[in-house]
Structure formats: structure tokens, C-alpha cells
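Everything numeric here is computed off the predicted structure, so don't read it as measured data.
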Amino acid sequence: PGDGARVFGLAQSQYWAGYVHWQRRNLDSAERHFKGYLEAAERLRAIDPVRVDWQREMDYANSNLATVLQARGDLAGALDRFRACLSIEQALLARAPGDRELAQSVAASHNAIGLVLRLQGQLMAARPEFEAQRSMLERLHLAAPNDGANDRLLGLSYVFLGDLAAALGEEAAARAHFTRALGIAETLTAR
């Protein structure tokens, strides 16, 4: 039980079994395996609490479980798991502020939280999450203006903000967000 390599192997086995069940839309089995993945990831973190790759396993396990919970309609449970992801990612990013992959993970977690809040009807609570996503992706764009993958995500972040503004009846803001998204899409297409 204290051998990190074996616990990591168990974690990966639980992940892949859960993934197969997720692909087959067998949510009960997927959830059971993703919970096993999370338990194994927690054991990894207990073995070495500062090891970054094992912290990321906690992040991935929480994200997978959140996705299943959201699909099952357990929005409160999904929100808790996505917030756990964000907490882990922010702590890791504070230790490695130049890590673009981590920064994109932080942006994605803000988006996931915003989507769940929107599904719960908490439109005003969703807004700062979508804005945090956009802000993080804007910073990444400024650091690497020709990163097409990041710019695509940035364009989508404006779509989420536009959809939210439209749902709130803020037509001018929605139009501005959609116009910005369109501009990014046109730039990407021209590239």
C-alpha cells in the first residue's frame, strides 16, 4: 500500500475501467471506478504530498468524477469536484506560474464551474467564473499571440460570456462578446 508505483498503476487501472464505462454511458460503473481512481490518487498524495504529477492525478480524478456526477444530474456534487480541481490547479500554478498547461487547466475549471452554476440557474454566480476563464486565456494569448489552440479557447470563452449576457437580457454586452468571438474566429481562419 505504500509503494507509489503500484498505487499509481491501480489509479490508472481504475481510470481506464471508468473511461470504458463512461464511453458506454454506464454511469453507475463509471462513477464507481472514478471514485476508485480518486481514492488511489488520494493515497498517492499521502505518499508524497509535494509531487506534482501525483497532485495532477488528484486533479484528473476529481474532474472525471465531476463529469459523471454532472451527467447524472448531481450538479452540487459536480460543483464540489470541479472546485476541488480548481483548488489543486491554482496551488500548482502558484508554484509554477509559467506553466501554460496548468494555466489552461485553471481556465477550463473556471469554465466547468460556470457551466454547472448556469445549469443550476445561478447566472450571476456563473459570470465571474466565465470572466476568470477569459482573463486567464487573454493572459496566455498576450504571452504567445500565435497559439491557435489557446486562441480558439479564448474565442469560445467569449461565446460563453455572450450566451450568459443574452440569458440575462444584456443585449449590447452579448453582441460585444459575440463580435469579439467572431473576430478571433476570423483571425484563426485567416491564419
Value rounded to 0.5 Å, distance of [atom1] in [X] from [atom2] in [Y]:
X	Y	atom1	atom2	value
Gln133	Leu156	CD	CG	8.0 Å
Leu69	Asp80	CG	CG	9.0 Å
Thr67	Trp22	OG1	CH2	6.0 Å
Ser135	Phe130	OG	CZ	15.0 Å
Ile113	Phe82	CD1	CZ	8.5 Å
Glu39	Leu10	CD	CG	9.5 Å

Apply side chain to side chain donor-acceptor pair (under 3.5 Å) to [X] and list each qualifying residue two or more places apart in sequence or on a separate chain.
X	answer
Glu31	Lys35, Arg72
Tyr158	Glu138
Arg24	none
Arg32	none

Checklist entry - Counting N and O atoms only, with roles assigned by atom type, does the side chain of Ser157 sit under 3.5 Å from a partner on the main chain of Leu154, one being a donor and the other an acceptor? => result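 Here the side-chain-to-backbone pair exists.
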Checklist entry - Looking only at atom types and distance, does a side-chain atom of Asn150 sit under 3.5 Å from a main-chain N or O of Leu137, one as donor and one as acceptor? => result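 Judged by distance alone, yes, a pair lies under 3.5 Å.
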Checklist entry - Under the salt bridge (Lys or Arg N to Asp or Glu O under 4.0 Å) rule, what pairs show up with a residue in residues 115-130, not counting sequence neighbours? => result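 Qualifying pairs: Arg127-Glu170.
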Checklist entry - How close do Leu27 and Val68 get, heavy atom to heavy atom, and via which atoms? => result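 Nearest pair, atom of Leu27 first, then Val68: O-CG1, 3.8 Å.
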Item to check | Residues that Arg83 engages under salt bridge (Lys or Arg N to Asp or Glu O under 4.0 Å), provided they are two or more places apart | outcome: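 Arg83 satisfies salt bridge (Lys or Arg N to Asp or Glu O under 4.0 Å) with no residue once adjacent residues are dropped.
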Item to check | Contacts of type salt bridge (Lys or Arg N to Asp or Glu O under 4.0 Å), residue Arg56, not counting sequence neighbours | outcome: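 Scan of Arg56 (salt bridge (Lys or Arg N to Asp or Glu O under 4.0 Å), adjacent residues dropped) gives Asp59.
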Next on the checklist: Pair Asn62, Ile88 - check side-chain contact (heavy atoms from CB on, under 4.5 Å), show working.
Outcome noted: CA-CA 10 Å; Asn62 274 297; Ile88 292 165; 3.9 Å; yes
Item to check | Exercise: do Gln12 and Glu57 side chains pair donor with acceptor under 3.5 Å | outcome: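 On atom types as modelled, these side chains qualify, holding a pair under 3.5 Å.
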Checklist entry - Can you find a side-chain donor-acceptor pair between Glu89 and Ser109 that sits under 3.5 Å? => result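 Judged by distance alone, the side chains do pair up.
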Distance-only donor-acceptor pairs under 3.5 Å for side chains of residues 93-102, two or more places apart:
unit_1	atom_1	unit_2	atom_2	d
Arg95	NH2	Val50	O	2.9
Asp99	OD1	Glu101	N	3.1
Asp99	OD1	Leu102	N	3.0
Arg100	NH1	Leu140	O	3.1
Arg100	NH2	Asp147	OD2	2.8

Item to check | Cluster companions of Val159 among Ile, Leu, Val, Met, Phe, Trp, Tyr (side-chain spacing under 4.5 Å) | outcome: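 Under the 4.5 Å side-chain rule, Val159 groups with Phe178.
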Next on the checklist: Could you list the cluster mates of Ile47? Members are the ILVMFWY residues connected by side-chain heavy atoms closer than 4.5 Å, either directly or through other members.
Outcome noted: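 In the cluster with Ile47 are Val7, Phe8, Leu44, Trp54.
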Checklist entry - Can Phe34 and Tyr15 be said to form a side-chain contact (heavy atoms from CB on, under 4.5 Å), step by step? => result CA-CA 6 Å; Phe34 287 155; Tyr15 163 74; 3.9 Å; yes
Next on the checklist: Between Arg81 and Leu38, is the side-chain contact (heavy atoms from CB on, under 4.5 Å) condition met? List the steps.
Outcome noted: CA-CA 11 Å; Arg81 295 293 101 215; Leu38 180 59; 4.0 Å; yes
Checklist entry - Sequence neighbours excluded, which residues qualify as ring-ring contact (aromatic ring centres under 6.0 Å, His included) partners of His33? => result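 His33 satisfies ring-ring contact (aromatic ring centres under 6.0 Å, His included) with His21 only.
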Checklist entry - Do the two ring centres, one from Trp16 and one from Tyr19, sit under 6.0 Å apart? => result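 Close enough - the centres of the two rings lie under 6.0 Å apart.
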Item to check | Within 6.0 Å of CD in Gln23, more than 12 heavy atoms from elsewhere | outcome: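 Counting other residues, nucleotides and ligands, CD of Gln23 exceeds 12 neighbours.
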Item to check | Working for side-chain contact (heavy atoms from CB on, under 4.5 Å), residues His110 and Gln90 | outcome: CA-CA 11 Å; His110 278 297; Gln90 287 175 326; 3.8 Å; yes
Item to check | Partner residues of Ala125 under the side-chain contact (heavy atoms from CB on, under 4.5 Å) criterion, sequence neighbours left out | outcome: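 Per chain and number, Ala125 pairs via side-chain contact (heavy atoms from CB on, under 4.5 Å) with Leu117, Gln122.
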